[in-house]
Amino acid sequence: MRYVCSIIVFFLIVYSVSAQENPQNQKNISRQITLPECINIAMQNHPDIFVAKEDKERAYAEYRYYKGLGGLSINGELKTYEYMKSSSTPNASFLVSGVDTTFGLFAGLTAAYPIYNAKYQNYQESARTSMDLSRIQSQKVMNDVVYNVKNSYYLYQMSQQNLAAREKILEKNKEKLSIAKRLFNSGQRPLLDVSKAEIGFNEAQLEFEKAKNNERQIRNNLYTAMGLTDTGRTLTMIPIEEVPEIKFTLEDLHKLGESYFPEIRIIKIHKRISKIKIDIEKAGHKPEVDVMFSLGFRNGGISDPSTFTDVFIPKKWEPKFDAAIRARISIYSSGAVQAKVDAAKNEYNKIIYKERDIQMNMKNMLRNLFNNLNEFSQQINTAKLIIKNAEKNMLLARKSYENGIVSQLELQDAEVSLINAQLGYNSAIYNYMNTIAKISTIVGLGEEALCKKK
């Protein structure tokens, strides 16, 4: 007996393990998931989030690069230098290279430190501003990812509800067709009722297949929005029992949008960067002052082939230290510097016009969304009323059917009308919640701060 029990337990364990490892079985397992969980998964897995992080790191690296240009630089150097021969005449009006002078070789370290360079300073400011830009762009990316998750979540929730409703409608039409055939066979209904029931059943079957395919596509979109691969596993959404209500007026939303709308914040930083670029081009007219040092060894007389082998003799090298201040300023550039300044000004003006356009579009979007929100709220209330009326109609049809006043076909029609009313309510809920999500993205506030507390 113990041997038989051991065999049974073994096979049960093997079966349970194989069922867990079988992907086909995993697809049939439904998991309930909330919207915050979906958003958290997207923040950890979506590729756009990682791309935004890399952009932030690149902006910081560019800032460090331009900051390094304005600091001390030390290089190893090997170069020739020219010095006067001892036999040359010092009072000559000019010296002839190779005749009055000879060439030597220097090897060592050279250091340079910019005392004043307006371009370097402006480059650093531009790079520092670009870091601010990358942070806002990263926030915009996260806002877009969050909105896509919300939109896909609400849409998938509606698709599941629609699929369940379409399945009920299909079952009702199937029952209706069966009843119509039975009544026709008993001579209580004409053939026309059977034909109508068949058409209704075929239409319901087609709509059910559409709803099933739509649910699968939207589930894939939700997985994609979270940065995951669709494994075919069904997700169960948390139903929305009560829709939130915005606590701000349209004027308040406009003010919030002007302060927090990512597109406006981005264009303002672009305007700052463009203004700095004008200063960078204007700096072409300003002087550049550097202090330079060199420390190493020199070897004189490499111009004479007979003494060229002295380069390989260590005793022929002597220590050398030099220090100098170098100043440069553009005297004439054929108008190139001014042309760059004018081009930078044109780019700055373009950004000003684009900023106005973005502000105008933002206000128009908020106005349309705010009006749509009111309309969808009315649609929700109307859909609730329709559902109540459909429920009353179904109760009346059921009582009438029990009293023999109406047929079973008419009862089936009342039940289908109730399901259709619920479909309209689901659509209004999705449109309302999606509009809230869009407004939240534009004004840069979460729905918790945007809506009234329940």
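In what follows, every heavy atom counts, from backbone to side chain, and hydrogens, waters and symmetry copies are set aside. In this chain, numbering begins with 1 at the start of the sequence shown.
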Can you establish whether the number of heavy atoms outside [X] located under 6.0 Å from its atom [atom1] is more than 12?
{"X": "Ile329", "atom1": "CD1", "result": "yes"}
{"X": "Lys247", "atom1": "NZ", "result": "yes"}
{"X": "Lys438", "atom1": "NZ", "result": "no"}
{"X": "Phe50", "atom1": "CZ", "result": "yes"}
{"X": "Tyr260", "atom1": "OH", "result": "no"}
{"X": "Phe248", "atom1": "CZ", "result": "yes"}

I want to know whether Tyr432 and Phe376 have ring centres closer than 6.0 Å.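 No: the rings miss the under 6.0 Å criterion.
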Main-chain N/O of [Y] paired with [X] side-chain donor or acceptor, under 3.5 Å:
{"X": "Asn40", "Y": "Pro36", "value": "no"}
{"X": "Ser274", "Y": "Tyr348", "value": "yes"}
{"X": "Ser440", "Y": "Ile436", "value": "no"}
{"X": "Asn122", "Y": "Ala118", "value": "yes"}
{"X": "Gln137", "Y": "Lys56", "value": "no"}
{"X": "Ser427", "Y": "Leu423", "value": "no"}
{"X": "Gln338", "Y": "Gly335", "value": "no"}
{"X": "Asn361", "Y": "Asp357", "value": "yes"}

Going by heavy atoms in the side chains, are [X] and [Y] under 4.5 Å from each other?
{"X": "Asp230", "Y": "Thr224", "answer": "no"}
{"X": "Leu369", "Y": "Leu253", "answer": "no"}
{"X": "Ile267", "Y": "Lys354", "answer": "yes"}
{"X": "Lys340", "Y": "Lys277", "answer": "no"}
{"X": "Met43", "Y": "Val146", "answer": "yes"}
{"X": "Asn393", "Y": "Asn389", "answer": "no"}
{"X": "Asn162", "Y": "Asn214", "answer": "no"}
{"X": "Ile246", "Y": "Leu373", "answer": "yes"}

Please report the C-alpha distance between Ile240 and Tyr154 in whole Å, then the side-chain angles of each, then the deciding distance to 0.1 Å, and finally whether the side-chain contact (heavy atoms from CB on, under 4.5 Å) criterion is met. CA-CA 9 Å; Ile240 301 174; Tyr154 296 142; 4.1 Å; yes
Yes or no on salt bridge (charged side-chain N to carboxylate O under 4.0 Å, His left out) for Lys168 and Glu171, after CA distance, side-chain angles and deciding distance? CA-CA 5 Å; Lys168 289 181 181 179; Glu171 291 297 325; over 6 Å; no
Out of curiosity, [X] [atom1] to [Y] [atom2], how far, rounded to the nearest 0.5 Å?
{"X": "Met362", "Y": "Phe261", "atom1": "CE", "atom2": "CZ", "result": "7.0 Å"}
{"X": "Ser130", "Y": "Asp55", "atom1": "OG", "atom2": "CG", "result": "11.5 Å"}
{"X": "Ile169", "Y": "Lys174", "atom1": "CD1", "atom2": "NZ", "result": "16.0 Å"}
{"X": "Asp290", "Y": "Ile115", "atom1": "CG", "atom2": "CD1", "result": "7.5 Å"}
{"X": "Ser138", "Y": "Lys53", "atom1": "OG", "atom2": "NZ", "result": "8.0 Å"}
{"X": "Ile439", "Y": "Leu450", "atom1": "CD1", "atom2": "CG", "result": "6.5 Å"}

Indicate yes or no: does [X] engage [Y] in a salt bridge with an N to O separation below 4.0 Å.
{"X": "Glu258", "Y": "Lys255", "answer": "no"}
{"X": "Lys212", "Y": "Glu167", "answer": "no"}
{"X": "Lys140", "Y": "Asp144", "answer": "yes"}
{"X": "Arg58", "Y": "Glu62", "answer": "yes"}

Applying side-chain contact (heavy atoms from CB on, under 4.5 Å), run through Leu206 and Asn202 and close with a yes or a no. CA-CA 6 Å; Leu206 177 62; Asn202 292 332; over 6 Å; no
Working note: Lys271 + Glu355, criterion side-chain contact (heavy atoms from CB on, under 4.5 Å); need CA distance, chi angles, decisive distance, verdict. CA-CA 9 Å; Lys271 187 169 67 172; Glu355 180 184 18; 3.0 Å; yes
Go through the steps to decide whether Ile387 and Leu418 satisfy the test side-chain contact (heavy atoms from CB on, under 4.5 Å), and finish with yes or no. CA-CA 6 Å; Ile387 290 176; Leu418 175 59; 4.1 Å; yes
Decide whether Asn151 and Tyr430 meet the rule of one side-chain donor and one side-chain acceptor closer than 3.5 Å.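 A pair is found: one side chain offers a donor N or O, the other an acceptor, under 3.5 Å apart.
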Under 3.5 Å side-chain donor-acceptor pair for Thr249 and Asp252: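 Their side chains do contain a donor-acceptor pair, which is all the 3.5 Å distance test asks for.
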Distance-minimising heavy-atom pair for [X] and [Y]:
{"X": "Pro114", "Y": "Leu69", "answer": "CG-O, 3.9 Å"}
{"X": "Lys150", "Y": "Ala437", "answer": "CD-CB, 3.8 Å"}
{"X": "Pro262", "Y": "Thr441", "answer": "CD-O, 3.9 Å"}
{"X": "Leu366", "Y": "Leu250", "answer": "O-CD1, 3.8 Å"}
{"X": "Glu125", "Y": "Ile276", "answer": "CG-CD1, 3.4 Å"}
{"X": "Phe106", "Y": "Ser294", "answer": "CZ-CB, 4.0 Å"}

In Lys119, Arg328, Arg326, the residue satisfying side chain to side chain donor-acceptor pair (under 3.5 Å) with Glu288 is Arg328
Asn213 and side chain to side chain donor-acceptor pair (under 3.5 Å): which partner among Arg216, Glu215, Lys210? Arg216
Using the rule side chain to side chain contact (heavy atoms under 4.5 Å, CB included), only one of Ile351, Thr129, Leu133 pairs with Arg272; which is it? Thr129
Intermediate values then yes/no, side-chain hydrogen bond (donor to acceptor under 3.5 Å, both in side chains), Gln124 and Tyr120: CA-CA 6 Å; Gln124 291 180 27; Tyr120 288 169; over 6 Å; no
side-chain hydrogen bond (donor to acceptor under 3.5 Å, both in side chains), that's the test. Do Asn434 and Tyr153 meet it? Break it down for me. CA-CA 10 Å; Asn434 188 47; Tyr153 186 91; over 6 Å; no
Could you walk me through whether Asn143 and Gln139 pass the side-chain hydrogen bond (donor to acceptor under 3.5 Å, both in side chains) test, one step at a time? CA-CA 6 Å; Asn143 291 346; Gln139 184 63 47; 3.1 Å; yes
